[in-house]
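Down below is the structure, laid out as structure tokens.
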Amino acid sequence: MARRATTKTAAPKTATSASVPVAATPAVEITNDTMVECRSGCAGNLIYKSKLNPGYVVEWDDFGDVQEMEYRELVSMRGNQRRFFEENWILIDDPAVIKKLGVERYYKNSLTSDDFEDVFTMSADDIKEIVPTLPGGTKDAIASEAKKKIESGELDSRSAIKALEDSLDVELEETV
């Protein structure tokens, strides 16, 4: 039976709980059958075709969509289709899974789903500092989302748009 991969950590101490010790809950053992939540880090459709199990396909429709995959399939993905990790095409939120897979270096500068939306409200200076360090797949997703937000009027800061264009090396607005 497949198990979901989740790790539990002690709750952060707050002013009201600082004097009460909190015991850490042990992490769940990650086995080949462990089910791992994988979010799409791509704008638009993303398809993974297994080399381990011919005919097995996982599809995400848009950025942030979640699909569960067995840990063994992620090991195969790492060995046969490494770009899913290198480009952050899939995002794994469980640090224990990332560590066991040995893909920490690919997620060092990645964004969570919440952080992704924050990019569009950052100052131009913050955009210029953070966005160039992101993996290529994340940059593509930001560019795609920025275009949508500009067209809808959600993103209208001239300095933010210019910082995104410079950081992503793309033209986000159509010139007339």
Side-chain angles (χ1 to χ4, degrees), residues 1-14 17 20-120 122 129-148 167-168 170:
M1 174 180 244
R3 294 183 305 180
R4 172 182 232 121
T6 56
T7 55
K8 304 211 181 216
T9 56
K13 290 185 179 182
T14 62
S17 67
V20 180
V22 180
T25 306
V28 173
E29 180 186 353
I30 300 168
T31 67
N32 280 337
D33 296 325
T34 300
M35 296 303 289
V36 178
E37 284 189 357
C38 302
R39 285 182 297 109
S40 172
C42 292
N45 201 14
L46 175 65
I47 299 172
Y48 166 74
K49 294 181 180 179
S50 175
K51 303 259 189 221
L52 182 65
N53 298 306
Y56 176 70
V57 175
V58 180
E59 186 169 352
W60 297 264
D61 292 325
D62 209 351
F63 181 87
D65 286 351
V66 177
Q67 295 289 347
E68 286 192 339
M69 296 177 68
E70 286 184 344
Y71 178 79
R72 81 175 88 238
E73 197 64 56
L74 294 172
V75 171
S76 175
M77 180 189 285
R78 183 197 64 210
N80 296 307
Q81 300 177 53
R82 189 175 301 268
R83 280 189 75 192
F84 276 86
F85 299 104
E86 292 172 344
E87 298 292 333
N88 283 181
W89 290 346
I90 64 162
L91 304 171
I92 300 170
D93 291 329
D94 190 329
V97 172
I98 290 171
K99 183 174 182 170
K100 185 167 180 172
L101 275 170
V103 294
E104 301 99 330
R105 66 185 171 275
Y106 304 127
Y107 291 98
K108 191 183 328 181
N109 294 324
S110 69
L111 299 176
T112 65
S113 296
D114 296 334
D115 294 339
F116 181 82
E117 283 300 318
D118 291 344
V119 168
F120 304 106
M122 288 179 180
E129 180 182 333
I130 293 169
V131 172
T133 67
L134 299 174
T138 305
K139 288 179 183 176
D140 293 343
I142 288 172
S144 177
E145 188 65 19
K147 286 180 182 181
K148 290 179 195 171
S167 298
L168 298 168
V170 297

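Starting from 1, each residue takes its place in the sequence as its number.
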Go through the structure and list residues passing side-chain hydrogen bond (donor to acceptor under 3.5 Å, both in side chains) with Asn80, not counting sequence neighbours. Ser76
Validation row: Met77, Ile90 side chains within 4.5 angstrom (heavy atoms): yes
Quiz question: by atom type and distance under 3.5 Å, do the side chains of Asn45 and Glu59 form a donor-acceptor pair? yes
Determine whether Phe84 and Leu74 make a side-chain contact, defined as any pair of heavy atoms from C-beta on separated by less than 4.5 Å. no
Using side-chain contact (heavy atoms from CB on, under 4.5 Å), reason through Met69 and Tyr56 one step at a time and then give a plain yes or no. CA-CA 11 Å; Met69 296 177 68; Tyr56 176 70; 4.3 Å; yes
Per salt bridge (charged side-chain N to carboxylate O under 4.0 Å, His left out), Arg39 is matched among Asp93, Asp61, Asp62, Asp94 by Asp93
Without placing hydrogens or testing angles, list every side-chain donor-acceptor pair under 3.5 Å for residues 131-147, not counting sequence neighbours.
| from | atom 1 | to | atom 2 | distance (Å) |
| --- | --- | --- | --- | --- |
| Thr133 | OG1 | Ile130 | O | 2.6 |
| Lys139 | NZ | Pro132 | O | 3.2 |

Please check if the side chain of Lys99 supplies one atom and the backbone of Glu104 the other of a donor-acceptor pair under 3.5 Å. no
Counting only N and O atoms by type, is there a donor-acceptor contact under 3.5 Å from the side chain of Arg78 to the main-chain atoms of Phe85? no
Can you tell me how far CD of Glu37 sits from CD of Glu68, rounded to the nearest 0.5 angstrom? 5.5 Å
Cut-off 3.5 Å, no hydrogens considered: what does the side-chain donor-acceptor table look like for residues 46-55, sequence neighbours left out?
| from | atom 1 | to | atom 2 | distance (Å) |
| --- | --- | --- | --- | --- |
| Tyr48 | OH | Glu73 | OE2 | 2.6 |
| Ser50 | OG | Leu52 | N | 3.0 |
| Ser50 | OG | Asn53 | N | 2.8 |
| Ser50 | OG | Glu73 | OE1 | 3.3 |
| Ser50 | OG | Glu73 | OE2 | 2.5 |
| Asn53 | ND2 | Glu73 | OE1 | 3.0 |

I'd like to know if the side chain of Trp60 reaches the main chain of Cys38, judged simply by a donor and an acceptor atom lying under 3.5 Å from each other, with no hydrogens or angles considered. yes
pair Tyr71-Lys100: side-chain heavy atoms closer than 4.5 Å: yes
How many angstroms lie between OH in Tyr107 and CD1 in Ile92, if you round to the nearest 0.5 Å? 4.5 Å
